[in-house]
Number of protein chains: 2
Amino acid sequence: MARPSFREQVLRAREDAILSSVNRLLAEKGFDAMTVDEVAADVGIAKASLYKHFASKEELAAAAMVQVLDRALALLAELEADSQASPLERLRAATRWTMQVQLAGEMPALPAQNSALRSALSAHRVYMERLVALSETLGSWIVAAQKAGQLDPGLPPEVILYTLFARACDPVLGLLKASGNHSDERIVEMLLSTCFDGLSGSRVPAPARSARGRAEPR
Amino acid sequence: MARPSFREQVLRAREDAILSSVNRLLAEKGFDAMTVDEVAADVGIAKASLYKHFASKEELAAAAMVQVLDRALALLAELEADSQASPLERLRAATRWTMQVQLAGEMPALPAQNSALRSALSAHRVYMERLVALSETLGSWIVAAQKAGQLDPGLPPEVILYTLFARACDPVLGLLKASGNHSDERIVEMLLSTCFDGLSGSRVPAPARSARGRAEPR
DNA sequence: GTCTATAAACTGATAGAC
DNA sequence: GTCTATCAGTTTATAGAC
């Protein structure tokens, strides 16, 4: 790219504005309920201008999701650079980040099984490439954490991976935020706890009150 | 109701058939993507006949969800009748049931935050009454399980309740089923484990391989 | 003959695409 | 701003059950 002309910079900036709006609307209402008119109104441009940037509603959503995946990949790179952190600490930090992004209203919902979006995304090269990169890094951390006994070695790694993806869009976050009874920080810490330690809670410290019959076997 | 005439029985049976179709379609595609024409075609009746039974698409969905809630309430009553079971065992059994229903493709997705369905449901007396009844029973089990040290007493009960509701619609179930690598039974048991014991796994039995630094504090 | 289901056409509104 | 498709909901005319 020889010269980043002024015009190109303007287009670039506008695209970023569009993607921010799309991500927020995608998080708020989901793909089906989000209308292109709404996006245009939110960005403050004409609907026709949107179609100068993106060929379809699906393209629009895919580009927005690629943006989020790129932010996630940048975070993973940061975490990987911290050689002090254990695999589990990295996974918890990554999960905490996704929850914070969701609370900020910037995490688009997982495309539902039969959404029109799903097939479009599977066919989207850039999106799939980012998704695979993300999965591979997370997958390596998961396997390492299992080897270190920090994650249940009885679970197939893909089950843990899918669960972490799902928790990034967990509706519980939104329900708790809507209830207004807890700070964002507390919500994140509680859900991190339920995710990694379960509803039963971590039993690590000591067999505190183990008088009664213990939990059934897994 | 003096006599359950033949005609009434037919209508009743047809309503059941309709609700079954709606629940399946609701689980498959969600409320927005489901069309009334589709429902009529699936049941094998005319669209006009549908509107003889239900005044609107929202009414249709609400009735279907009430049916599911009633099935759930019946299960809770059964579990409550078993005086042997601990609160935790009851909660696990109830959660297992919801996962099985979801795997069977009969669990409608949680209405999204901004769905047109959400406000309709909040205004639906019967639906709300069932939902409250369900929440109260589950809530009492949750509090009892916390008192018995079977569930993390540091979590507000509503956090646990919301989490159990969310797990009934957990997209991880569908992802794992689609991957085809595990039997339905195994999927349910794994997700029950991640729900109650967390991704780290139950640490109850013994401090097996605790050589390395232990999990960070909650 | 009366009641009911059905198919099919139609309306109005909305949304994607250009 | 226009075009077209889709969908919720209604209406009408026809056919069949009792």
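Every chain is numbered from 1 and lettered A, B, ... according to where its sequence line falls, protein lines coming before strand lines. What you see below is based on every heavy atom in this structure, not just the backbone, and it leaves out hydrogens, waters and symmetry mates.
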How would you summarise protein contacts on nucleotides 6-18 of chain C per nucleotide, using B for base, S for sugar-phosphate only and - for none, with heavy-atom distances below 4.0 Å? SB-------SBBB

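The NE2 atom of His53(B) sits 18 Å away from the P atom of dA8(D) (whole-angstrom rounding). In this structure, Glu38(B) places its CD atom 8 Å from P of dC7(D), rounding to the nearest Å. The CZ-C1' distance, from Phe54(B) to dA8(D), rounds to 16 Å in whole Å.
The salt bridge (charged side-chain N to carboxylate O under 4.0 Å, His left out) contacts involving residues 71-81 of chain A comprise Arg71(A)-Glu106(A), where partners must be two or more places apart or lie in separate chains. Sorted by first then second residue, the salt bridge (charged side-chain N to carboxylate O under 4.0 Å, His left out) pairs that include residues 133-144 of chain A, not counting sequence neighbours, number zero. The salt bridge (charged side-chain N to carboxylate O under 4.0 Å, His left out) contacts involving residues 111-121 of chain B comprise nothing, where partners must be two or more places apart or lie in separate chains.
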Show me, pair by pair, the donor-acceptor contacts under 3.5 angstrom made by side chains of residues 29-40 of chain B, not counting sequence neighbours?
{"from": "Lys29(B)", "atom 1": "NZ", "to": "Glu38(B)", "atom 2": "OE2", "distance (Å)": "2.6"}
{"from": "Thr35(B)", "atom 1": "OG1", "to": "Glu38(B)", "atom 2": "N", "distance (Å)": "3.1"}
{"from": "Thr35(B)", "atom 1": "OG1", "to": "Glu38(B)", "atom 2": "OE1", "distance (Å)": "3.4"}
{"from": "Glu38(B)", "atom 1": "OE1", "to": "Thr35(B)", "atom 2": "N", "distance (Å)": "3.0"}

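Applying the side-chain contact (heavy atoms from CB on, under 4.5 Å) rule to Arg186(A) yields the partners His182(A), Ser183(A), Met190(A), Pro156(B); only residues at least two apart in sequence or on another chain are considered.
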